[in-house]
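In what follows, a single structure is set out as structure tokens and then discussed.
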There are 2 protein chains.
Amino acid sequence: MSNIKDLARSTGLSTATVSRYLNGHPYVSKEAQYAIELAIRELGYSPNAAARSLRSGKTGRIAIVVLDASHPFYSALVAGAAGAAVEYGYDLLVQQTCTKHWSPDRVLQPVVTRAIDALIVATELEPWGEYAAELERFRVVTCDQALSQAGLHGLYIDHYQSTLDGLEHLYERGARVIACLHDPDHDRCSSSRIRVSAYEQFASRYSEMRIVQLEAEDDTVETGASLLQRIGSEFPEVDGVFSGSDDLAAGLLLAAREAGLDVPGRLRILGFDDQPLARVLGLSTIRQPVRKMGARAVHEVHRLIQRNASCGRGRPNGRRHAPDKIRVPYRLMIRSTT
Amino acid sequence: MSNIKDLARSTGLSTATVSRYLNGHPYVSKEAQYAIELAIRELGYSPNAAARSLRSGKTGRIAIVVLDASHPFYSALVAGAAGAAVEYGYDLLVQQTCTKHWSPDRVLQPVVTRAIDALIVATELEPWGEYAAELERFRVVTCDQALSQAGLHGLYIDHYQSTLDGLEHLYERGARVIACLHDPDHDRCSSSRIRVSAYEQFASRYSEMRIVQLEAEDDTVETGASLLQRIGSEFPEVDGVFSGSDDLAAGLLLAAREAGLDVPGRLRILGFDDQPLARVLGLSTIRQPVRKMGARAVHEVHRLIQRNASCGRGRPNGRRHAPDKIRVPYRLMIRSTT
DNA sequence: ACTTGCTCTGTAATTGATTTCATAGAGTAC
DNA sequence: GTACTCTATGAAATCAATTACAGAGCAAGT
């Protein structure tokens, strides 16, 4: 590969002039422009990203940390982020925490070694207390309500309120014993902790209500289907289900229909996400605009980068901007299962 | 952030010695080691990735190009790749071609500017003829049968054979007029072209068979459900469906059950992928190990990187290794819809 | 004629790490 | 004592770009 020196040699100009041309500076003569353009074509030049970012301190790269890139929620988040990344001119790194050789330090490595300009964190790094503090040194946007509690920028839907709304809806539809299905990585995906506190708030509001918490081993339709039997045998009095994901709810619904169970007469089912499958099955659910959230996260990260690009390099000398907390709207989609 | 010079100054050693320590070279005295370790802790040093890769010519970064990161197939591919990337010590970039501001040049930019060491291409860049040739200059592994036809390394399941097997199975089960559902991005996802040639081969083998090709606008359960009506009105004689994806097939199946249509008596349905939803619905399908494929792609890319790391930098001076063609096994999963 | 300002270009420093080469001291073999 | 190897270190070049600074050439204004 040829470099800027080759261009300089080939055109008889200096590297400074060539660099100026490449960066669109004024004060490059027409002849020089023409000569350089020609040389670029001839030598097949393209700039070296490493050298550029070494000099400029910018990489044009950001990363997003998710639990599992193949999970419908996270994959939609990644897709949204990837789309926006192109728009803003960034390359997007994807990091997964459900992997064997994963570790928080490994995830932070790119940001620490300045291989990326900023980080989007959508899943917990444990112990979060420790790493959240660490993250404050960098440009970080979190995509989870629980994660954003620290001094970090946050972008999330309000799980507390949305859970309350969902439970309230089930109550209105006549449910009195509600099974709440936990996310599979209950301990890792900290937003489920927020949901739990919403369950408690709700239970204390209506004394006649009972909440049963059930943990699903993973987040698939298959597991959802298997839960019907478990509910039937362990908690036969359950007449409403609030699921943390559409997949679990859909599986449960399919199993219920298979078993000839009256939905929503005998059992009301409410999902979360509004995936295509929910629409097909007529599953009531809470819609969250996940793709948009991913895109918005990139937008926010971009603003951060712009911000303290102008504040000078390295540490924020001036006062650090207060962390933004952005609530993304959600919407209850009432269909035929509630 | 402190750099290696700061470490040198702080310890009274030279940058050479510090660098040697950091890279685990022999010939660094115990005292020096200790002093450097201390300084690292004190100054909070971490190496600068840009400087490293400028000097070494390696980035420790690879990219994967997919059509849509939220599509079940591609997201599984990405997930597999992301897992393996951690294992091999790479950072993984994800690029999406279903995005508004996308362009082939934009996708190739990281590899051209040497921001990544290698590229995994799982979807077509148009015009593919042109870009395939361009890609031969770099370390590339393709994850699609059609793409790998050029002089590129390829890793794929055999769509020609698997399609034949699927059609053969439908035939055995009594189907005589088979609707083949095209991928949504028929023109982009070139493996569907290979499938089409398999349809033709199959039709020429059995004179009594009829193949009807249907194009779906996208690859969701919703669209699959809407196809039932279209088939019923436009091609009422259809008695078998071969779908390029489980999602379409599942949608169709759900709509058929809803309509009280006898599956597989009146209509046989075969999917592709073996997603959890297929298992729950009892959908017959062709299983492909997508996650593993993603992981394997990273493995192959890693081998490429290792290879011409030893062959010296830049162009392959010696003879270029012949491109590997790796067929991934698939498996017909016979359930209750055929 | 002299100053001022604008356009254009080149020299050289800088970014942070790695590596080649040179060198010096210590230990061992003859 | 001389020759040799082995360990440990530093000075300086290198990787490919950007940019501060200096300076040359030219036109316009006084």
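Below, read A as the first sequence line, B as the second, and so on, with proteins coming before strands; counting in each chain starts at 1.
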Rounded to the nearest angstrom, tell me the gap between atom [atom1] in [X] and atom [atom2] in [N].
| X | N | atom1 | atom2 | answer |
| --- | --- | --- | --- | --- |
| A:I40 | D:dA16 | CD1 | C1' | 15 Å |
| B:N48 | C:dT15 | CG | C1' | 8 Å |
| A:L54 | C:dA13 | CG | P | 17 Å |
| A:H25 | C:dC8 | NE2 | C1' | 14 Å |
| A:K5 | C:dA12 | NZ | P | 13 Å |
| A:I36 | D:dT18 | CD1 | C1' | 14 Å |
| A:N23 | D:dT18 | CG | P | 4 Å |
| B:R52 | C:dT18 | CZ | P | 5 Å |

- Task: Might you point out which heavy atoms bring A:R61 and A:Y90 nearest each other, and give the distance in Å?
- Result: N-CD2, 4.0 Å

- Task: Tell me what A:Y45 touches on the nucleic acid: a base, only sugar-phosphate, or nothing, going by heavy atoms under 4.0 Å.
- Result: sugar-phosphate

- Item | nucleotides 7-14 of chain D: protein proximity per nucleotide (B base, S sugar-phosphate only, - neither; heavy atom, under 4.0 Å) | SBBBB-BB

If we only count heavy atoms from C-beta on, is the [X] to [Y] side-chain gap below 4.5 Å?
| X | Y | answer |
| --- | --- | --- |
| B:Y156 | B:C143 | no |
| A:T113 | B:N48 | no |
| B:L152 | B:L147 | no |
| B:L92 | A:L93 | no |
| A:I36 | A:L13 | yes |

- Note on the structure: One would report the end-axis bend of the helix from C:dA1-D:dT30 to C:dC30-D:dG1, five pairs per end and rounded to 10 degrees, as 60°

- residues 75-86 of chain B vs side chain to side chain donor-acceptor pair (under 3.5 Å), sequence neighbours excluded, gives none

- Check the pair A:D68 / A:S70 against side chain to side chain donor-acceptor pair (under 3.5 Å), numbers first and verdict last. CA-CA 5 Å; A:D68 178 358; A:S70 72; 3.0 Å; yes

- Polar side-chain atom of A:N23 near backbone of A:H25 as donor-acceptor pair, under 3.5 Å: no

